[in-house]
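What follows is a short report on a single structure.
Numbers here simply count residues along the sequence, with the first being 1. Just follow the structure's listing: the first ligand is 1, and inside any ligand the first atom is 1.
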Amino acid sequence: MKPLNQLCRPCIWRLRPYSSARDEYSGHEATVFLDANENPYNHPLNRYPDPLQTEVKMALAKRKGVRPENIFLGNGSDEAIDLAYRCFAEPGVDNVVAIEPTYGMYKVCADINNVEYRPVLLDEHFQLNAEKLLSIVDDHTKLVWLCSPNNPTGNDLDEDQICEVLRQFQGLVIVDEAYADFSSRRSFRFRLDEFPNLIVLQTFSKAWGSAAIRLGMAFACADIINIYNKVKYPYNINALTQREVLKLMADPIKPSCWVASLLEERTRLMKRFAELVLCYEVYPTDANFFLARVSDAQRIYDQLVAQGIIVRNRTRVRLCENCLRITVGTLEENDTLIDALKQMQL
Ligand SMILES: *Cc1c(COP(=O)(O)O)cnc(C)c1O
């Protein structure tokens, strides 16, 4: 790995970050707060939230088996994705490499930041080939985007190939594990000490059932986390979200129950889907959704919409021609989908 001062954008490396009132005094002993131009009324919402979310990170560190200094919290994983560009990729100069097909935000954020985006096609089993990916890396490649389990294909990427990219690539490798709670694979967040160039993304939006609170996590070495903290908005995680996630983590049984029943439902739904005449193939998955190749994705999609059932049409994505991406819902929702598909006149 190149040293971080070579990977970081020069303007960010030099940056003296904004220092908020809560950065300069963050103790608990004081009782009179006249430093932040807040309103003394409307407690508790009148006060700015903790800019570094110390309490949340302590709870999360325990829960996730990592150190608090290895955690960044963002307004969804999307903030952590955008920050990777803003911290490390110089617009108009640097480039990034990503697997294809994958999550659309990596490309959108590249475009917004005017950074060249180089996609590498997965193989016919939606698997990563490290050698092929590394062959399009050059001196200006700062980031490699991997997503495992991958969206929209659903499968875990081959662990050995991910490690090969982590070892060979001189820049930063982001492994997006938004769906890791549904996979039996060990998270890469436990391997931060082995790979200093690794950033692992996870989220509260899927297994934790909390997409509305907008909370994403990045796990990385403390030096990378410190760069992220310099660039983020000072109060990027609002007080309501911080309070809600502490409540959520106090009851860790609930998300694991949700995951268990979704995995059970996933097996049942995929089996029934595969039996449909319109279904050509159901692809193996390690997430809370699956990809299926069907006879005519656009027509099936349109007919489902007309009945108020929305799935994701991925037919215009490379390698996903005539594919629909189906999220696993409740038993009733899944039955509604299957019944509609059974009745369908094509
Ligand atoms: C859903 C999803 C996310 C989650 O994004 P949030 O901003 O945390 O809601 C991240 N990555 C991938 C690949 C996803 O599919």
Any A211 heavy atom less than 4.0 Å from ligand 1: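 Outside the 4.0 Å threshold, so no.
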
What do you reckon, does F204 put a non-hydrogen atom under 4.0 Å from ligand 1?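 For ligand 1, residue contact (heavy atoms, under 4.0 Å) with F204 is absent.
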
Would you call the rings of F290 and F273 parallel, tilted or perpendicular, taking 30° and 60° as the class edges?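 Correct class here is perpendicular.
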
Take the angle between the ring planes of Y228 and F72 and call it parallel below 30°, perpendicular above 60°, tilted in between.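 Taking F72 first and then Y228, their aromatic rings stand perpendicular (interplane angle over 60°).
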
Worked verdict on Y179 versus F289 for ring pair (Phe, Tyr, Trp, His ring centres under 6.0 Å): CA-CA 9 Å; Y179 301 97; F289 62 85; 4.9 Å; yes

Distance under 4.0 Å to a non-hydrogen atom of [X]: what atoms of ligand 1 satisfy this?
| X | result |
| --- | --- |
| S205 | 6 (P), 8 (O), 9 (O) |
| C147 | 13 (C) |
| A178 | 2 (C), 3 (C), 10 (C), 11 (N), 12 (C), 14 (C) |

Are E275 and R272 ion-paired here, with the side-chain N under 4.0 Å from a carboxylate O?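 Judged by the 4.0 Å cut-off on N to carboxylate O distance, E275 and R272 do not form a salt bridge.
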
Run the side-chain donor-acceptor check on residues 309-317: report pairs under 3.5 Å with partners two or more places apart or on a different chain.
from: N313; atom 1: OD1; to: T315; atom 2: N; distance (Å): 3.1
from: N313; atom 1: ND2; to: Q298; atom 2: OE1; distance (Å): 2.9
from: T315; atom 1: OG1; to: N322; atom 2: N; distance (Å): 2.8

Using the ring of Y280 (Phe, Tyr or Trp, six-membered ring only), decide whether R293 places NZ or CZ under 6.0 Å from its centre and within 45 degrees of its axis.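 No, cation not above the ring by the 6.0 Å, 45° rule.
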
Flag R214 as yes when one of its N or O atoms lies below 3.5 Å from any N or O atom of ligand 1, and as no otherwise.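 Looking only at distances, the answer is yes, because the N/O contact criterion of under 3.5 Å is met.
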
For ligand 1, is there an N or O atom under 3.5 Å from any N or O atom of D176?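 Among all N and O atoms of D176, at least one is under 3.5 Å from an N or O of ligand 1.
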
Once you restrict to heavy atoms under 4.0 Å, what part of K206 touches ligand 1? Side chain, backbone, both or neither.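 For K206, only side-chain atoms sit under 4.0 Å from ligand 1.
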
Pick one of side chain, backbone, both or neither for how S77 approaches ligand 1, counting any non-hydrogen atom pair under 4.0 Å.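 Both parts.
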
Given W145, which partner from the list Y85, Y103, Y117 fulfils the ring-ring contact (aromatic ring centres under 6.0 Å, His included) test?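 Of the listed options, the one satisfying the test is Y85.
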
Of the listed options F289, Y179, Y106, W208, closest to atom 15 (O) of ligand 1 (non-hydrogen atoms):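 Of the listed residues, Y179 has the closest heavy atom.
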
